[in-house]
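All remarks here apply to the structure that follows.
All values reported here derive from a predicted model rather than from experimental measurement. Here is the naming used below: chain letters follow the sequence lines, and residue numbers restart at 1 for every chain.
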Amino acid sequence: MSSTIEHKIKSLVRQSILELYSQEVSDSSIQLQKTNKEFTAHYTVVVFPFLKISKKAPEATANEIGNYLISHSACVSSFSAIKGFLNLVVADEQWINELNEIHLNEQFGLTEVSEQSPLVMIEYSSPNTNKPLHLGHVRNNLLGHSISEILKANGNKVIKTNIVNDRGIHICKSMLAWQKWGKGATPESTGKKGDHLIGDYYVLFDKHFKAEVAALQTEKGISKEEAEAQSPLMNEAREMLRQWEAGDADVRSLWTKMNGWVYEGFEKTYQLMGVSFDKIYYESSTYLEGKSKVMEGLKNGVFVQNEDGSVWADLTPNGLDQKLLLRADGTSVYMTQDIGTAKLRFDDYPINKMVYVVGNEQNYHFQVLSILLDKLGFGWGKDLVHFSYGMVELPEGKMKSREGTVVDADDLMEEMINTARETSEELGKLDECTAEEATEIVRMIGLGALKYFILKVDPKKNMTFNPKESIDFNGNTGPFIQYTHARICSILRKAETQGIILPSEVPATIQLTSKETGLIQMLAEFEDTVKDAGNTFSPALIANYIYELVKEYNQFYHDYSILKEENSDLRAFRILLSKNVAKIIKSGMQLLGIEVPERM
RNA sequence: GGUCGGGUAGCUCAGCUGGAUAGAGCAACAGCCUUCUAAGCUGUGGGUCAUGGGUUCGAAUCCCAUCUCGAUCACCA
């Protein structure tokens, strides 16, 4: 509740109760909500909580307060009392003022970042360099990008970061397979994107490995586990990892070359997706960092050492288990690396808050990390945010890379763009565009459909994606919203060619319909929606808000003339209203990382 | 088994800091383009809000129990 109108009403209600019933009530005890659609009013005061004070029936109490509001302020123009609900109609003049204010503020709903703003670091994406990005990563990237935008819009300095998992046995598998069967293939020689090329060798390794295990089982009559342990291929991969860790020049240069291919591939994917990072960390240069911090903790008595030399954190006082931090041989585990990365980041930036965008399968990991960072003295450790999101599932269940059921990010985006082009051509929407414009529009629509589809659902929920039923372009979709924006832009262009000059302010004398005041009311709600989205880490809130706004606008568009309105004040008002709807659509979609075209 | 998160229309999802007759979209059916972009608008049908109890003037929403789905509880990352 932050619009000026809401504040006015609240303080009026408080005043009325004081005068009518001689009781002080706090603002928080006044339930002011948006009136349900079936009633023609703007705000509703729930009077049930005041019955004990008024000692009257609900309807009588509502009437008394309503009468008071009418006679003491021009803000409320009429009211109706139904049961315990006092429905208030706000005067047109108030709404026009509200619209004028919104209109004058280009950044309406957004909070500016200042020197004093807190610094938030957001980690997202975090890919492995042995395979291309898939649908799960897409959700991660879109959420990460969007939440960055939303936190910026709430007045935070944001540093977007990516921790690339560029080392480990899985990387060695790809490297080994390429060495054995690659015949020197490169992205150039094959015409493949680097990440896809490497992904192919990862799959190839798995294929050969499985065949080898099966052969061992039949040859020697041993169990699958034994065969896997004996597998020469796997042993070779392990040996390669040892050589990598020892800094073997040949292995390292192969590693550098192949990872380079992958990064080039990732960069293309990121660019198309529209995400970026301010600072990238590589696990190969952070994975040793955690050790010193853990040893420091051991010295300070935060951690304990086992007889075999392994180091543990005892989290039983926190209701959790014991957690290993260093193996007996002194090597680090996942948790140690995250501590190390945290240390580097803390050294690099004055972080006030750390946000990790990571899937919900790691809820436990981050619960532990939070406790450990706190114990190690990181100021933001205790309050770190694990922005946890659900899995993307296919109709037949979870995606599995080995079974080839993953939906590839590049393929998916390309497909969406192709579908957008087909649909646009069918509808004849591209007829008046140059080829370049068409490509640009079609890209925005295809990606808009995909992004909106993913971001409109509550992040914490698992979501289903059916590749066979392609993502819709009608209804509650990105293109629907983009279309509305394009439509408004078209009106504004026409207004300009007709030589209609917009006043900087609309005179407060015109009469509005409830559709129009309702739209202004919705525009004003953008401010609270952005705040809510920031507080609850929910791009979905923004998505659903824009959808409601757009639906409302389309009804208005259908029911009323804008450019053909004869009363020039009213016409100016409607153009201005439309313009500001477009502005909020654009701002809101920007928070989701979705572009909006000016024509489509 | 412990912990965490879900279960709302045939499908995909809103609504969850308690408020009026539970909402959208898709799919199905029926209308609206000589009029500002029909990727739009309007209408019809579709619900035991998993189940049972409790708190309250009022519960999809809060509490308890049960059922059910998922994640996690690795010297993998």
Are [X] and [Y] within salt-bridge range, i.e. N to O under 4.0 Å?
X	Y	answer
A/E239	A/R242	yes
A/R574	A/E516	yes
A/R571	A/E566	no

Tell me whether the OP1 or OP2 atom of [N] has a side-chain N or O from [X] closer than 4.0 Å.
X	N	answer
A/K398	B/A71	yes
A/Q362	B/U72	no
A/K551	B/C41	no
A/R571	B/C36	no
A/N476	B/C26	no
A/K429	B/A39	yes
A/R327	B/C76	yes
A/N36	B/A20	yes
A/K461	B/G5	no
A/Y364	B/U72	no

* Asked: Any side-chain donor-acceptor pair under 3.5 Å between A/N130 and A/S174?
  ->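 Checked: A/N130/A/S174 side chains show no N/O donor-acceptor pair below 3.5 Å.
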
Spacing between [X] atom [atom1] and [N] atom [atom2], to the nearest angstrom:
X	N	atom1	atom2	answer
A/M335	B/C75	CE	P	12 Å
A/E565	B/U35	CD	P	19 Å
A/L86	B/G19	CG	C1'	14 Å
A/D321	B/C73	CG	C1'	6 Å
A/L430	B/A39	CG	P	12 Å
A/N140	B/A77	CG	P	20 Å

* Asked: Does the ring of A/F48 meet both stacking tests against the six-membered base ring of B/G58: centre distance under 5.5 Å and plane angle under 30°?
  ->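 No; by the centre-distance and plane-angle rule, A/F48 does not count as stacking on B/G58.
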
* Asked: For A/F85 and B/A20, is the gap between ring centres under 5.5 Å while the planes differ by less than 30°?
  ->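 Yes, A/F85 stacks on the base of B/A20, since the ring centres sit under 5.5 Å apart and the planes are within 30°.
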
* Can you tell me the Watson-Crick or wobble partner of B/G5, both distances under 3.5 angstrom? ->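 B/C69 is the nucleotide pairing with B/G5.
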
* Asked: What is the pairing partner of B/U34, taking Watson-Crick or G-U wobble pairs with both distances under 3.5 Å in any strand?
  ->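 For B/U34, the partner nucleotide comes out as none, under the 3.5 Å rule.
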
* Tell me whether B/C32 sits syn or anti, counting syn as a glycosidic angle within 90° of 0. =>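 Judged by the O4'-C1' to base torsion, B/C32 sits in anti, the angle falling more than 90° away from 0.
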
Determine the Euclidean distance between corresponding [atom1] atoms of [M] and [N]; express it in Å to zero decimal places.
N	M	atom1	answer
B/A60	B/A22	P	9 Å
B/G31	B/G45	C1'	15 Å
B/A24	B/G47	P	15 Å

* Taking the inter-plane angle between the rings of A/F366 and A/Y356 on a 0 to 90° scale, is it parallel (under 30°), tilted (30 to 60°) or perpendicular (over 60°)? ->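 Geometry flag for A/Y356 against A/F366: tilted rings.
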
base_contact_polar ([N] base, [X] side chain, donor-acceptor, <3.5 Å):
X	N	result
A/N363	B/C73	no
A/T44	B/A20	yes
A/N474	B/A38	no

* Asked: With a 4.5 Å heavy-atom cut-off, do A/I562 and A/F556 have their side chains touching?
  ->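 Side-chain contact under 4.5 Å: yes.
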
